[in-house]
Amino acid sequence: MNMIEVKNLNFDYPGKRVLHNVSFTIKAGSATALVGPNGAGKTTLLRCLVALDRPHSGDITVGGIDVTENPRAVHRQIGYLSDFFGLFNDLTVRQCLTYMSWSQQVSVKNVAAHVEKIAKDVMIDNMLDRKAGVLSRGYRQRLGIGLALVHDPAIVILDEPASGMDPEARIQLSRLVRDLRARGKTLIVSSHILNELEDYCTDMLIIRAGRVAEHVLLSDHEARTVRHLRISLQGGAAAHADALAAQTGLSVESIDGDVALCRFEGDDAAQRALLAALAGLGMPVYNFSAAAHSLQDAYMRVTEKEPAAKSAGKEGGDA
Amino acid sequence: MNRYFLSPELQRQIWLRFSWLRVLLIPVALMCIIYSHYMIYNENWALVTSSRLIWVYFILVGIWGNHEAANTMREEVSTNTWDMQRMTPQGTASLVFGKVFGATSYVWYAGILTMLAALVLHHIGVRAFYGPIETSPSTARLVTPYASLYFVFFMVMGGILAHATAFLASLDGMVGKVEADPRHRRPRIVIAFLAGFGVSWFLIRRAGARMLENGHIYGSRRMVEWFNFEMPMEMFIGFGALFFTLWVFVGIYRLARAEMMYSLTPICWFLAVAAISLFAGGIAFDSGMVARNSIFEFARSYAFPFYVFSLSLGATYYAMLAQAGDLRRYGRMAEAFRARRWRKVFENMPQWMASFVIVLAAFSFVLYVVRQPVQGPFGFLVKPEIFISLAASLMLFALRDGLAMHVISALSSGHSQKFERSVYYVLVYFLLPAVHLSIALKGLQINPMRFFGIIQGEGTGFHPLMYFGWYYPNPFPGATIAFLPVIVQMVFIGICYLVLRGRSNDEDAAADTDAPQAPFSGKNTKAERVLFTEKSTKGEDVTWTS
């Protein structure tokens, strides 16, 4: 089931267009990494999704509700942490969460208990009586997420949630996001830190120059497309490079001493067959492992593809 | 903390602004003021204290309160908590109520205590200074329940209407404006404060304080005619305050709903402009006002349609200029029009188009009325046609400025627009007239009688003073001087726009050829040019639209 559908979305700031015919769908329960260079239009796209800005044209449906037709109903479904989120600095953490519970019309009898539960969920329960203005960056971020989650939204959208956080806070954030995913929330996380997104993201939406450059479904990607293999060969991999390259679906990308880093196209069964074939050839394989698939690889592959596509397009145009 | 007081936003503001220390501070300060006056002054101490407490009230409610009301949105936007509140499902009315009265809650607490102290001390002081009511008519006049009730009414309305006006002006500066960084949206602060200050000054110092200190607002008791109703001046001002408070709150509510992403049509703006124009038009029926300003008496028969016309045109002009900065609304309207989504067309229709209907209706009324001869002792001196010329000229000049603002917005980037708009106004209303007139007047003798004769339609000579007609709305009879110059200017602005757009199209094309292409941009470039052409910068990731 699709939780978010975007069709031909265009958005203009006065005098310039920043989103061009953006279309994609996001499945319920998925965790999507929204990545792209600065100024690509990620934040604008998120603000259109959460009905904070009105697009020039196009359709956005969130949970079956048309965002442009009924933005207020969409607000109830979404918890949004903006990249430049603000806090009520002169209120205590407890007051901030209480105010937001009232504003979000949370239907619980005991708001105070609800506030303490949320504070515990985002690991800020030890700071309840501190003023928000004196909190460290990490705690402010947690409070921001707590405010976004106070009404238990089905969709959680986090824009640069880890920026400025120390390593410990990032680990805790990662744990919190995994926990949200486990609770069935649909997540969209915009970030430049791809390594962290790897922990919990199932999809990756790459935005470049206001367009969707690629929407990668990572699970499918792993199952049926390209994977990288690290093959260690006793006595040096260079001697066996030709034999490796002769295998179906395998191409050697680099060799470093005993280790050959290879690109392999095929699924798990094909990978098993390859191992059997290498052993059958009597190659001195002492280590055979899949190199960790990373968002970074996928992102780089997309960005590397673009100049080629561009030059191809230019040639076509010239012709 | 399971319940809030009236509205979550009001409760939050109360948390921010009240503490036990601050609650105790006001009564203690008041007691200090009263006691020090009691010790310093003799039998008139209470009257002196009352008068000074009214000033204190004005400083609290009229200055501090307006400052708080004008600044509350700025704080929300700059700290980026406003977006968070926009996404909550709390009702618009609850949010607006919490913001307007919450931001000024402490001011009201201090102000109400001060006002009550002033009222009580005034009653004590009048009795002590003038003697018992039974023996002194002046005492009776100064302490009547009528005067006291009006005093309280004006003091409170002077705060409510002023704070709401300041909040409305502040909110109006940012609604509908979209920035890449939402913190860069800027509510109006100075104008908002000054608007609130003006209202407070009139209602608190002019009306409220005088009702208490004199028993009436002006030197003597006055009556006002409004349409065919005759009522005391204070009652008319009271009704006026209530009327404007209603519309100011409606305005705040509508703007807040726009911020909360509700789709709005310009119907409310249309009704507000119509109602306020008619309300002000009713003053034209006041014979006392005409008698006090006898120079206008000759125009009395034309006053009502002209009041309605002028006010609706002023409102339309403001809306036109305010909405010229963001042309995306027109693009969305055109998009909806192409898709035959009529409701969307109406929702995206600029407000000025709606109120321009009232302007046209009022102009038709002016045309109808002008068929009658001008009344009054000096009526024979005035040609009725000048009213048609003046009305048409005002309307055309407003349209010219609106057109120019739209063209500036279409051709320049957002950051330089304010500067270019200012240059336009300085050029068109000051520099060009100065240069033109100094050349035209050089060596010529101005003959006022000849000028008067030309206005009367005598002779065909052209008087140097008529050059003003090129730059300002004018009442000169005859289309040549009243309409032609402004129409020529509008055509000139249109030609400038087409030329500059053509040139920037060429630059755009050149930049497209030279600059590295963003992926996918090549095939859709033409289709994506939706609104107006912009200067393109090489190497930018975004596509400038046309």
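Residue numbers begin at 1 in each chain, while the letters A, B, ... track the order of the sequences.
T81(B) OG1 to Y99(A) OH: the interatomic distance, rounded to the nearest 0.5 Å, is 8.0 Å. Taken to the nearest 0.5 Å, the CZ atom of F88(A) stands 6.0 Å off from the CD atom of E76(B). N89(A) contributes atom CG, which lies 11.0 Å from atom CD of E75(B) (distance to the nearest 0.5 angstrom). Here the CG atom belonging to L52(A) is positioned 11.5 Å from the CE atom belonging to M84(B), to the nearest 0.5 angstrom.
In this structure, the side chain of R72(A) engages the main chain of T88(B) through a donor-acceptor pair within 3.5 Å. Proximity of a side-chain donor or acceptor of R328(B) to a complementary backbone N or O of D12(A) within less than 3.5 Å is detected.
Contacts of R257(B) with chain A are absent, with no heavy-atom separation under 4.5 Å from either backbone or side chain. Residue contact with chain A, scored on non-hydrogen atoms closer than 4.5 Å, involves the side chain of Q85(B) exclusively. At a 4.5 Å heavy-atom cutoff, the contact between F85(A) and chain B is made by backbone atoms alone. For chain B, the nearby parts of V50(A) are the backbone and the side chain; heavy atoms of each come within less than 4.5 Å. For chain B, the nearby parts of I78(A) are the backbone and the side chain; heavy atoms of each come within less than 4.5 Å. Contact annotation for E347(B): neither backbone nor side-chain heavy atoms come within less than 4.5 Å of a heavy atom of chain A.
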- [ ] Give the intermediate values and the outcome of side-chain contact (heavy atoms from CB on, under 4.5 Å) for residues H151(A) and M87(B).
- [x] CA-CA 11 Å; H151(A) 56 300; M87(B) 285 189 67; over 6 Å; no

Task: Steps toward side-chain contact (heavy atoms from CB on, under 4.5 Å) verdict (H75(A), M260(B)) - done: CA-CA 10 Å; H75(A) 289 160; M260(B) 297 175 91; 5.9 Å; no

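Summarising the local packing, NZ of K344(B) is surrounded by more than 12 heavy atoms from other residues, nucleotides or ligands at distances under 6.0 Å. Within a 6.0 Å radius of OH in Y262(B), other residues, nucleotides and ligands contribute more than 12 heavy atoms. The number of heavy atoms from other shown groups lying within 6.0 Å of CZ (R130(A)) does not exceed 12. Within 6.0 Å of CH2 in W342(B) there are more than 12 heavy atoms belonging to other residues, nucleotides or ligands. More than 12 heavy-atom neighbours from other residues, nucleotides or ligands sit within 6.0 angstrom of NE2 on H114(A).
Within residues 90-99 of chain B, the residues having any heavy atom under 4.5 Å from a heavy atom of chain A are, by residue number, Q90(B), G91(B).
When the candidates S103(A), G86(A), P71(A) are compared by the number of heavy-atom contacts under 4.5 Å with chain B, S103(A) comes out ahead. Contacts with chain A were tallied for Q11(B), E9(B), R12(B); R12(B) has the most, counting heavy-atom pairs under 4.5 Å.
In this view, D90(A) satisfies the salt bridge (charged side-chain N to carboxylate O under 4.0 Å, His left out) rule with no residue, not counting sequence neighbours. Applying the side-chain contact (heavy atoms from CB on, under 4.5 Å) test to A162(A) and every residue at least two apart in sequence or in another chain returns M165(A), R170(A), L173(A), I193(A), E196(A). By the side chain to side chain donor-acceptor pair (under 3.5 Å) test, T186(A) pairs with no residue at all, sequence neighbours left out.
The nearest pair of heavy atoms linking A51(A) to M261(B) is O-CG, 3.0 Å.
Taking the charged nitrogens against the carboxylate oxygens, E335(B) and R54(A) have no contact shorter than 4.0 Å, which rules out a salt bridge.
Under the 4.5 Å side-chain criterion, counting only non-hydrogen atoms from C-beta, P89(B) is in contact with Q104(A).
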